[in-house]
Amino acid sequence: MSNNTRNAESKGSSSHSKTDRKTCAYVWTIRSYRKNDSIFDSYESPAFAAADDDFTFKWWLELFRNRKDEITISLSPNRDRDLEKCSPVSGNLKITLMNNDGTWYRSGEASFQLNLNETDPFFELYICDGNDLDVNGLESSKKLFVWCHVEYEYMKKPKLIESSLSHDLERIRTDENFSDVTISVNGKNYPAHKLILAARSSVFKAMFTNDMLESQKNNVTIDDIKQETFEEMLRYIYTGEMRNLDEWAFELFPAADKYDLKELKNACEELLLSKVSTDNVGKILLLADMHNAEELKANALRFIKKNYYNRGNYKNTEVWKILSESRRSLLIDMLAVFFEKTEL
């Protein structure tokens with residue numbers, strides 16, 4: 001019988017201060033267990049913690065009956081706590097499930113490791129089949145006891161020293177006193193620093209290290225980016241902060257590609273992936289094709305196939321209009337997806 005049905009991988013850093021090892025014993029009483037044939041059975045315990053844990057690292061349990069009619073117990077860190085103060089948690093979990101008079105019990109044991117950076121980290125342990133519980137566990141009582149024993153360890157992260165670096169670089173960006181290049185964007189001048197621009201962008205580095213006009217005159221002219229978009233990009237170059245991506249992703253995506261700002265481009269692409277809709281899929285597909293974003297392009301084509309193919313007259317859609325007017329080669333890709341036998 002396999003005990004470990006799901007286990008989260010640890011991706012935490014190995015640079016920590018002190019390892020804490022704790023033991024926690026808890027008895028959870030489910031006072032009115034009943035099998036519900038219309039939904040999957042699920043019961044949640046109160047939060048509990050080791051008595052000597054000054055960090056008060058709390059846990060909670062869930063008893064769950066899944067689609068395969070298996071009874072499992074999951075262990076999760078208490079969701080009400082801020083878990084950023086410590087590293088991934090590893091340990092050993094023992095569970096015993098017992099009926100009211102002690103005539104029936106089932107148990108399981110396994111090691112676990114939880115990555116606290118995940119949205120909902122948990123460890124799941126198989127205990128028994130649902131029929132085994134129904135027939136043997138609850139003949140004389142609707143009360144269940146869950147005996148839980150957790151041995152675990154984690155490392156508290158040292159307190160980080162707050163840095164004003166981002167704020168200081170933002171202040172330098174708007175200070176003309178030490179700038180050595182001017183960037184003109186549609187008539188508006190922005191003072192900047194070659195060293196910072198070259199360190200962040202291979203395109204700017206090429207401008208300033210080769211014998212180009214921009215390097216000789218200490219002036220760069222940009223006419224294909226809106227001023228507001230350029231200001232957002234320049235702020236990112238100096239501070240590393242990505243502000244207002246919801247608002248600027250469509251404009252920043254091509255700018256980040258042009259100036260080889262890979263991290264910013266990837267962030268814009270991830271946001272656009274989550275925002276694909278019938279209103280913008282044509283524009284997103286066009287951007288993805290123009291800027292070699294294959295995953296974004298494939299996702300947009302999948303969306304088009306799912307939402308337009310079965311409508312019949314897809315030639316009257318906004319997507320068809322956008323592609324036929326601006327990038328007809330994409331129509332071939334779209335039609336190929338429509339009529340292929342397998343999904344992308």
Chi angles and distances behind the side-chain contact (heavy atoms from CB on, under 4.5 Å) call for Met233, Thr229: CA-CA 6 Å; Met233 185 181 78; Thr229 305; 5.7 Å; no
side-chain contact (heavy atoms from CB on, under 4.5 Å) against Phe250, all qualifying residues, sequence neighbours excluded: Leu272, Asn280, Lys283, Ile284, Leu287
Heavy-atom donor-acceptor pair, Ser274 side chain to Leu271 backbone, under 3.5 Å: yes
Test side chain to side chain donor-acceptor pair (under 3.5 Å) applied to Tyr26 - qualifying residues, sequence neighbours left out: none
Residues forming a side-chain contact (heavy atoms from CB on, under 4.5 Å) with Arg171, sequence neighbours excluded: Asp168
Rounded distance [0.5 Å steps], CG in Asp257 versus CD in Glu269: 10.0 Å
Main-chain N/O of His291 paired with Lys265 side-chain donor or acceptor, under 3.5 Å: yes
Salt bridge present between Glu170 and Arg235 (N-O < 4.0 angstrom): yes
From CA spacing to verdict: side-chain contact (heavy atoms from CB on, under 4.5 Å), Ile172, Phe178: CA-CA 8 Å; Ile172 290 173; Phe178 299 102; 5.9 Å; no
For Ile222, all residues meeting side-chain contact (heavy atoms from CB on, under 4.5 Å), sequence neighbours excluded: Ile183, Val185, Val220, Asp224, Ile225, Phe230, Tyr259
Flag, side chain of Asn244 to backbone of Trp248, donor-acceptor distance under 3.5 Å: no
From CA spacing to verdict: side-chain contact (heavy atoms from CB on, under 4.5 Å), Glu153, Lys22: CA-CA 6 Å; Glu153 64 179 39; Lys22 302 293 180 182; over 6 Å; no
Residues, nucleotides or ligands: over 12 heavy atoms within 6.0 Å of Glu228 CD: yes
Pairwise side-chain contact, Leu252 with Glu232, heavy-atom cut-off 4.5 Å (strictly under): yes
Distance-only donor-acceptor check, side chains Ser42 and Glu62, under 3.5 Å: yes
Closest contact, heavy atoms only, Ser179 versus Ala192: CB-O, 3.1 Å
Pairs where residues 175-192 contributes a residue and the test salt bridge (charged side-chain N to carboxylate O under 4.0 Å, His left out) is met, not counting sequence neighbours: Lys188-Glu231
Side chain to side chain donor-acceptor pair (under 3.5 Å) against Ser202, all qualifying residues, sequence neighbours excluded: Asp260
Backbone N/O of Val203 and side chain of Ser201: donor-acceptor pair under 3.5 Å: yes
Pair Thr182, Asn189: side-chain N/O donor-acceptor within cut-off below 3.5 Å: no
Partners passing side chain to side chain donor-acceptor pair (under 3.5 Å) against Asn131 (at least two apart in sequence or in another chain): none
Derivation and outcome, side-chain contact (heavy atoms from CB on, under 4.5 Å), residues Leu61 and Phe48: CA-CA 9 Å; Leu61 300 173; Phe48 59 94; 3.8 Å; yes
Any donor-acceptor pair under 3.5 Å from Ser107 side chain to Thr96 backbone: no
Interatomic spacing from CG in Leu75 to CZ in Phe112 - rounded to 0.5 Å: 5.5 Å
Ser74 side chain reached by Leu125 side chain, heavy atoms, under 4.5 Å: no
Under 3.5 Å: donor-acceptor pair, side chain of Asn299, backbone of Glu295: no
Non-neighbouring partners of Lys275 that pass salt bridge (charged side-chain N to carboxylate O under 4.0 Å, His left out), sequence neighbours left out: Asp246
Atom pair OH/CD1 of Tyr43 and Ile30 - distance to nearest 0.5 Å: 7.0 Å
Transitive ILVMFWY side-chain link Phe204 to Leu195, under 4.5 Å: no
Distance-only side-chain donor-acceptor flag, Ser166 / Glu241, under 3.5 Å: yes
Side-chain heavy atoms of Thr23 within contact of Val150, under 4.5 Å: no
For the student: nearest non-hydrogen atoms of Leu114 and Pro77, plus distance: CD1-CD, 3.9 Å
Near-ring test Tyr152/Trp59, centroid separation under 6.0 angstrom: yes
Over-ring placement of Arg173 relative to Tyr190, 6.0 Å and 45° cut-offs: no
Min side-chain heavy-atom separation Asn92-Ser111 under 4.5 Å: yes
Side chains of Asn292 and Lys297, donor plus acceptor under 3.5 Å: no
Listed partners of Glu270 passing side chain to side chain donor-acceptor pair (under 3.5 Å), at least two apart: none
Flag if over 12 foreign heavy atoms under 6.0 Å of NZ, Lys205: no
Beyond-backbone contact of Leu234 with Leu197, side-chain heavy atoms, under 4.5 angstrom: yes
Leu261 side chain near Tyr236 side chain, heavy-atom distance below 4.5 Å: yes
Partner residues of Tyr238 under the ring-ring contact (aromatic ring centres under 6.0 Å, His included) criterion, sequence neighbours left out: His193
Asn100 side, atom CG; Leu144 side, atom CG - distance, nearest 0.5 Å: 9.0 Å
Listed partners of Arg106 passing side-chain contact (heavy atoms from CB on, under 4.5 Å), at least two apart: Trp104, Ile127, Cys128, Asp132, Asn136
Contacts of Arg31 that satisfy salt bridge (charged side-chain N to carboxylate O under 4.0 Å, His left out) - sequence neighbours left out: none
Ser277 and Asp279: side chain donor to acceptor below 3.5 Å: no
CG on Leu93 to CD1 on Ile73, rounded to 0.5 Å: 9.0 Å
Separation between OG1 of Thr239 and CG of Leu165, rounded to the nearest 0.5 Å: 9.5 Å
Atom CD of Glu263: over 12 foreign heavy atoms under 6.0 Å: no
Side-chain heavy-atom pair Met242, Leu264 within 4.5 angstrom cut-off: yes
pair Asn219-Ser184: side-chain heavy atoms closer than 4.5 Å: yes
